[in-house]
Amino acid sequence: MRYNVVLEIFEGPLDLLLHLIDKNEVDIRDIPISKITEQYLEYLEKMKDLDLEITSEFLLMAATLLEIKSKMLLPKKKDEGKQLEIEEVDPREDLVKKLIDYKRFKEAAIKLKEREELQRKLFFKPREEIDLDIRNENLELENVKIEDLFKIFCNIMKRNNIETRKINIHEIKRDEISIEESMKRIEKILNEKKTVTFSELFDKNSSRIYIVVTFLSLLELMRLKVIAIKQEKNFGNIYITLKC
Amino acid sequence: MDKREIKSIIEALLFTWGDPLSLKDISSIIGISKEDAYNIINDMIEEFNYNRRGVQIVQFNDKYQLSTRPEHHEWISKLYTPKTSKGLSNAALETLSIIAYKQPITKTEIEAIRGVKCDKALNTLLDKKLIKEVGRLEKTGRPILYGTTDEFLLQFGLKSIDELPELKDLTEIDLENIE
Amino acid sequence: MDKREIKSIIEALLFTWGDPLSLKDISSIIGISKEDAYNIINDMIEEFNYNRRGVQIVQFNDKYQLSTRPEHHEWISKLYTPKTSKGLSNAALETLSIIAYKQPITKTEIEAIRGVKCDKALNTLLDKKLIKEVGRLEKTGRPILYGTTDEFLLQFGLKSIDELPELKDLTEIDLENIE
């Protein structure tokens, strides 16, 4: 079931952590790690509920947080045998450094955005046409073919930035399919047919992204030992079957 | 709004517009009477001359445009080193290719793509009947929309405009980088 | 030639060219030293501001360009349909700010700071010509080093890279080992 809840989108795990730190009004240098970890994991759960793809970076951070949490729970070692006092390294130190470094650039990005917005309010003018510009000499069409016109246009568009090109391609839609969706699709196909070949999983019109996602989800399904893959000879058909 | 500010806005409007801008458009944008606008612009013309500014306001009929001064022609011409290489497409062909692929399109849009003014190129193309006016946009200045003609199809041996070489190759390259 | 006349010619050159024009081109066209040209243009920038002219001279690196003033944006928008291009995404802005402050920098270093992959953001920035490859690191894989472009300065209204807003001083936070 899908919820119609707007979940704030974060740029990555660091961004999410900064948000949690802000929300809890805690000191970045003294993060209450178990509280923040709990909220962090809650957020990932919400993402799951909403069918949002959770990237490996978010998962990796979850693991890091849990590791820090467990280290913090360990009783502090006392080197009783030694006279020298060894300063304990705070397990949070690396993370705090990363967060602070990231925060600086996040703030700088906001300042840059303000500048960009101001600058976008300026208007410039195109260059004037000048008689001396010999490119404006008479138009001779005798040796010009339609292909030349095409090339000229391509060159102009390449010379230009992306905004102008966008006009051409707005009708081209990107296939939006996540690895999870793709995995479900493959499982469904395999439940219907016992064996499929790799190429049967898409048709001629499938986009490159679609094919790549399909391939990645096959790898994932293999890793999870849901499917088995067989190839009889090099470059031969790849057969996919359900493992059970 | 004080007069100084109105003058400033008028200068900005003439600067960005580039083409002749009518008194009607100027006065309605700023929200003053045509008469007031007329008087203020006349003031500006005198000031520009008195201060020996690098640009002047030229008037014809009820339209105004910014331009450089004839006596600076010699200096300005030094900006353009004549390009002799044959490989370069000329302005008219560039303009024609843009119109062919993006029609209907206004002059301002073509200039935004080329980065250079296109009045002469458009006149050449209109003269040769390769392009024509196909309509007008319903906004300030009612800019003309250009499209290609039957003569264009004939000249390039096309049965219809759909026969233009597809842009697919180009978009495929660029698509990768589009968010 | 008197200073007034030189200013007039410079204005005419900037107006005609439309695009950024280098100090070198300006001084060589007029036949004065770069230093003189520099001083005169700085004078002009002040005069344009003092007289509340409708246009201003913007500078980045050693290039100059005429533009309208941000406060006139609202009026000029009435002439044009507003620019449709969207601003940069947060991901792209974050990546750009890291590159701006830490250039030259590799993708891996950027990703280490942001904690996420940056391929898409990098492609967008390359595509918009805000960053470019400035070299390669002499180590395994010879990773690309990225830096900002002139287009970046222009789009963000910076005269040079030294004009970037200062990164928040972290000594306040009093944390050791932050470089």
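Chain letters run A, B, ... following the sequence lines, proteins first and then strands; every chain starts at 1.
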message = Would you compute the distance between atom CD of A/Glu128 and atom CD1 of B/Ile76 and round it to the nearest 0.5 angstrom?
response = 8.5 Å
ask   = When rounded to the nearest 0.5 angstrom, what is the spacing between NZ in A/Lys125 and NZ in B/Lys117?
value = 5.5 Å
Closest heavy-atom pair and its distance - A/Phe123, B/Thr16 = CB-CG2, 2.9 Å
Are more than 12 heavy atoms, taken from residues, nucleotides or ligands other than [X], located less than 6.0 Å from that residue's [atom1] atom?
X        : atom1 : result
B/Tyr38  : OH    : no
A/Glu192 : CD    : yes
B/Lys63  : NZ    : no

task = Indicate the ring-plane relationship of B/Tyr101 and A/Phe150, choosing parallel, tilted or perpendicular according to the 30° and 60° boundaries.
result = tilted
task = Not counting sequence neighbours, which residues clear side chain to side chain donor-acceptor pair (under 3.5 Å) with B/Glu138? List them please.
result =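 Per chain and number, B/Glu138 pairs via side chain to side chain donor-acceptor pair (under 3.5 Å) with B/Arg142.
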